[in-house]
Protein chains: 2
Amino acid sequence: MVLPRAAKTQRRTRIQEEKEEQILEAALEVFSSRGFRGSTIDQIAEVAGMSKPNLLYYFRTKEAMHRALIDRVLDTWLDPLREFNAEGNPVAEIRSYIRRKLEMARDFPRESRLFANEVLQGAPHIEDELKGPLKKLVDEKAEVIRAWAKAGKIAKCDPYHLIFAIWSTTQHYADFDVQVRAVLGQENSGDGRFEDAARFLERLFVDGLQVREQPSSNYIDEM
Amino acid sequence: MVLPRAAKTQRRTRIQEEKEEQILEAALEVFSSRGFRGSTIDQIAEVAGMSKPNLLYYFRTKEAMHRALIDRVLDTWLDPLREFNAEGNPVAEIRSYIRRKLEMARDFPRESRLFANEVLQGAPHIEDELKGPLKKLVDEKAEVIRAWAKAGKIAKCDPYHLIFAIWSTTQHYADFDVQVRAVLGQENSGDGRFEDAARFLERLFVDGLQVREQPSSNYIDEM
DNA sequence: TGTAATGTTTACCAACCGGTCAAATTATCA
DNA sequence: TGATAATTTGACCGGTTGGTAAACATTACA
């Protein structure tokens with residue numbers, strides 16, 4: 001029998017499980033740091049510690065590897081947003097969303113960079129996911145935020161751009177890590193930078209979304 | 001004579017000027033959308049409308065092209081931050097910095113993506129620029145912001161993370177354009193999104209940096 | 001105008017890339 | 001144990017890649 005996966009035998013072997021895991025781990029390492037086009041199967045094979053044909057025994061093409069990786073990672077990547085709870089206290093919800101996103105940037109920077117690479121290059125492989133599941137989830141949560149604003153629990157603001165702002169500020173610490181470290185200098189590049197970032201961002205968003213009795217500046221915006 | 005540039009004749013020809021311009025424009029197009037490793041000289045040659053060896057007549061290697069491009073673009077890219085004026089009104093300065101950065105994201109998205117691609121992949125070609133000129137400039141401006149905070153003109157906050165937040169939120173609209181469009185849907189993907197973003201971000205940062213007589217929430221932070 | 005310098009292209013090369021093949025090795029289980 | 005299926009690898013293939021060589025074309029300028 002030469003068919004690799006899901007052929008005659010529907011069950012997956014223990015070896016299959018382990019090797020596919022190993023390969024996807026290596027693929028994450030390589031794809032996240034070089035992008036799809038910039039990565040080679042040989043590189044992934046080397047990181048995974050096996051030969052190229054062996055990789056291709058488990059995933060028939062480079063694209064298949066990439067797709068499996070995206071599918072596996074996308075779900076967990078969206079978890080923080082899913083936890084966003086309409087019933088909770090708005091300010092507390094936003095604050096803990098920021099914290100969760102920042103923790104993901106700290107603990108799973110490769111996953112963040114994987115998507116960043118992909119989106120940056122025009123999202124050729126994940127367009128459907130963006131326009132489908134992602135948009136749907138964001139639409140839902142945006143509606144929650146809009147309701148909070150309408151009820152006067154937070155300032156009136158465009159919920160989509162609020163979400164974008166939280167995404168960008170938090171993921172920045174994963175995606176632009178090299179730059180952040182370079183600017184902060186060696187002495188401030190320890191793990192403490194995530195604590196500093198959390199403090200700053202929570203403060204920024206909480207105060208920035210405070211309800212104002214009257215516009216705090218000469219700049220007025222209403223939805 | 002076979003030497004392309006800066007050899008015997010110190011002056012640059014008119015043709016050299018034009019062709020190098022043409023090539024760098026094409027290189028920007030290609031590098032910004034596929035990253036360094038993912039781009040090929042042939043692609044750049046095609047966009048530039050000339051043959052591959054002709055490109056290599058003006059830039060001896062792919063790396064040389066990339067370097068010339070980076071050098072050319074980096075300066076203008078940092079202009080908005082340079083304009084940041086210590087003498088001006090703090091809130092107005094921050095607001096207009098946001099606006100300038102957002103205008104750059106709108107008008108020069110390829111430049112933004114060029115750097116994003118580079119930094120995302122570990123900044124293998126611009127590490128020196130990050131640790132040198134960039135860090136120096138940011139250190140300067142951070143000092144200005146710190147002085148403003150000390151004088152009570154804006155809220156006390158970590159100036160570095162403030163700058164990171166402004167960078168990330170504004171550049172997001174260039175770097176993650178595909179995602180932004182996908183989430184906003186076709187109807188909201190017109191140029192109006194930059195106006196919406198500007199309104200949201202100015203509001204967020206201005207209110208978020210307002211001086212508080214007393215902490216507006218149960219969360220306290222002092223530098 | 002003539003000629004030397006500059007600019008352009010065709011043909012090519014070695015290294016690399018994604019992927020195949022067949023043979024060899026290892027695991028499974030009756 | 002032995003036979004069958006699953007796994008692994010070295011050798012290889014056609015296409016692409018960064019880059020070169022040399023001939024050809026064009027420009028600048030005395």
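Each chain gets a letter, A, B and so on, in the order its sequence line appears, and its residues count up from 1. Side-chain atoms are counted along with the backbone in the values below, which use heavy atoms only and exclude waters and symmetry mates.
- Near DNA chain C, meaning a heavy atom under 4.0 Å away, the residues from residues 32-54 of chain A are A:S39, A:T40, A:I41, A:K52, A:P53.
- Distances shorter than 4.0 Å separate some side-chain N or O of A:K19 from OP1 or OP2 on D:dT8.
- To the nearest 0.5 angstrom, B:W148 atom CH2 is 5.5 Å from B:I94 atom CD1.
- Every ring pair (Phe, Tyr, Trp, His ring centres under 6.0 Å) that B:F36 has, sequence neighbours left out, goes to B:F31, B:H66, B:H125.
- We find that CZ of A:R60 is positioned 14 Å from P of D:dT7, with the value rounded to whole Å.
- Comparing D:dT7, C:dG19, C:dT8 by their nearest atom to the side chain of A:Y58 picks out D:dT7.
- In this model, the phosphate group of C:dG7 is approached by a side-chain N or O of B:Q16 to a distance below 4.0 Å at OP1 or OP2.
- Counting only residues at least two apart or in different chains, salt bridge (charged side-chain N to carboxylate O under 4.0 Å, His left out) contacts with residues 32-51 of chain B comprise B:D42-B:K52.
- Between the C1' atom of D:dA6 and the CD atom of A:E20 lies a distance of 13 Å, rounded to the nearest Å.
- Atom P of nucleotide D:dT7 and atom CD of A:Q22 are separated by 13 Å, given to the nearest angstrom.
- One atom, CZ of B:F31, and another, C1' of D:dG18, lie 12 Å apart when rounded to the nearest Å.
- Note: A:F194 CZ to A:L102 CG = 6.5 Å, rounded to the nearest 0.5 Å.
- The CG-P distance, from A:L56 to C:dC17, rounds to 14 Å in whole Å.
- Qualifying side-chain contact (heavy atoms from CB on, under 4.5 Å) partners for B:S51, counting only residues two or more places apart in sequence or in other chains: B:P53, B:N54.
- Between the CG atom of A:L55 and the P atom of D:dA6 there is a distance of 20 Å, given to the nearest Å.
- Comparing the local axis fitted to the first five base pairs of the helix from C:dT1-D:dA30 to C:dA30-D:dT1 with the one fitted to its last five gives a bend of 10°, rounded to 10°.
- Considering only residues two or more places apart in sequence or on other chains, A:Y173 meets the ring pair (Phe, Tyr, Trp, His ring centres under 6.0 Å) condition with B:H161.
- With rounding to whole Å, A:K62 atom NZ is found 8 Å from C:dG19 atom P.
- Rounded to an integer number of Å, the gap from A:M65 CE to C:dC17 C1' is 14 Å.
- Counting only residues at least two apart or on different chains, the salt bridge (charged side-chain N to carboxylate O under 4.0 Å, His left out) pairs with a member in residues 168-190 of chain A are A:D177-A:R181, A:D177-A:R193.
- Between A:Y57 and D:dT8 there is no side-chain N or O to OP1 or OP2 distance below 4.0 Å.
- Residues passing the side-chain contact (heavy atoms from CB on, under 4.5 Å) test with A:R72, sequence neighbours excluded: A:E21, A:L24.
- For A:Y97, the ring pair (Phe, Tyr, Trp, His ring centres under 6.0 Å) partners at least two apart in sequence or on another chain are A:F84.
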